[in-house]
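To start, the structure itself, in structure tokens.
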Amino acid sequence: MYESLTEFENIYQAYRQSAKGKHHKNDVIQYETNLHMQLWYLQQRLENRSYVPGGYYRFVIYEPKEREIQALSFADRVFQHLLCDTVLRQYFEPRLIYDNAAGQRNTFRIKKEGTKTLGEITQSLNSYQGHLKHGHTWKLRKHVYKNFVLSRHKPNPAGAFG
């Protein structure tokens with residue numbers, strides 16, 4: 001499994017995923033100026049088992065409210081994609097419930113089939129309750145929208161989700 005982390009093709013694919021839609025950003029431009037050497041250097045550190053991620057850099061954003069953000073360098077995001085796509089995904093995806101579309105490949109079921117009702121979601125969760133062990137249970141939050149910051153470009157007179 002570790003060998004897949006050191007294959008150059010996997011490292012290159014991780015770079016492509018990391019850079020998708022970000023080719024105009026300074027850290028990506030800087031990384032790409034010497035792309036082959038950057039990828040080779042990562043490969044060497046992985047083969048030698050000497051790769052150590054750098055620290056996070058912090059910055060503040062003010063929209064929609066003030067928040068401190070902590071982010072990895074672009075080089076570390078390449079490794080993060082490499083680890084998730086080549087090792088972790090094959091372990092975790094088969095264990096996720098059918099209705100979970102969080103960051104998974106080919107998970108456009110909700111858009112194609114329509115949004116589920118609260119009753120359908122409850123029924124799905126009840127069907128998975130048999131898989132829970134040692135008295136663990138789930139709790140369905142009916143007011144999910146309060147847990148997420150909603151940003152709209154135009155006001156919607158039909159309400160938050162209308």
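- Here the straight-line distance linking atom CD of Gln44 with atom CG of Asn48 works out to 6.0 Å at 0.5 Å rounding.
- In this structure, Ile61 and Glu66 have side chains that are not in contact, with every pair of non-hydrogen atoms separated by 4.5 Å or more.
- Between Phe79 and Leu83, the closest side-chain pair of non-hydrogen atoms falls below 4.5 Å.
- For the pair Arg89/Cys84, no side-chain contact is recorded, criterion being any heavy-atom separation below 4.5 Å from C-beta on.
- By the criterion of side-chain heavy atoms lying less than 4.5 angstrom apart, applied directly or through intervening Ile, Leu, Val, Met, Phe, Trp or Tyr residues, Phe8 is grouped together with Leu42 in one hydrophobic cluster.
- Arg16 CZ: 12 or fewer foreign heavy atoms inside a 6.0 Å radius.
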Would you give me the side-chain donor-acceptor pairs under 3.5 Å for residues 19-28, sequence neighbours excluded?
residue, atom, partner, partner atom, Å
His23, ND1, Glu32, OE2, 2.7
Asp27, OD2, Arg77, NH2, 3.2

Report, one line per pair, each donor and acceptor closer than 3.5 Å where one atom sits in a side chain of residues 33-40; sequence neighbours left out.
residue, atom, partner, partner atom, Å
Thr33, OG1, Gln30, O, 2.6

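- For the side-chain hydrogen bond (donor to acceptor under 3.5 Å, both in side chains) condition, the pairs that include at least one residue of residues 51-63, sequence neighbours left out, are Tyr51-Asp76.
- The CD atom of Gln43 sits 4.5 Å away from the CD1 atom of Ile11 when rounded to the nearest 0.5 Å.
- Within the 4.5 Å cutoff, side-chain heavy atoms of Arg67 are placed close to those of Lys65.
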Please report the C-alpha distance between Glu68 and Gln70 in whole Å, then the side-chain angles of each, then the deciding distance to 0.1 Å, and finally whether the side-chain contact (heavy atoms from CB on, under 4.5 Å) criterion is met. CA-CA 7 Å; Glu68 181 183 64; Gln70 298 181 24; 3.9 Å; yes
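- Closest heavy-atom contact between Leu5 and Thr86: CD2-OG1, 3.3 Å.
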I would like to know whether Glu9 and Gln13 meet side-chain hydrogen bond (donor to acceptor under 3.5 Å, both in side chains); could you show each step before the answer? CA-CA 6 Å; Glu9 180 60 30; Gln13 289 304 320; 2.9 Å; yes
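- Using a 4.5 Å heavy-atom cutoff, the side chains of Tyr2 and Val87 are not in contact.
- At least one side-chain heavy atom of Asn10 sits under 4.5 Å from a side-chain heavy atom of Leu82.
- Tyr15 and Tyr12 have tilted rings, their planes meeting at an angle from 30° to 60° on a 0 to 90° scale.
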Going through the distances and angles, do Val78 and Tyr31 end up as a side-chain contact (heavy atoms from CB on, under 4.5 Å)? CA-CA 10 Å; Val78 171; Tyr31 191 88; 4.0 Å; yes
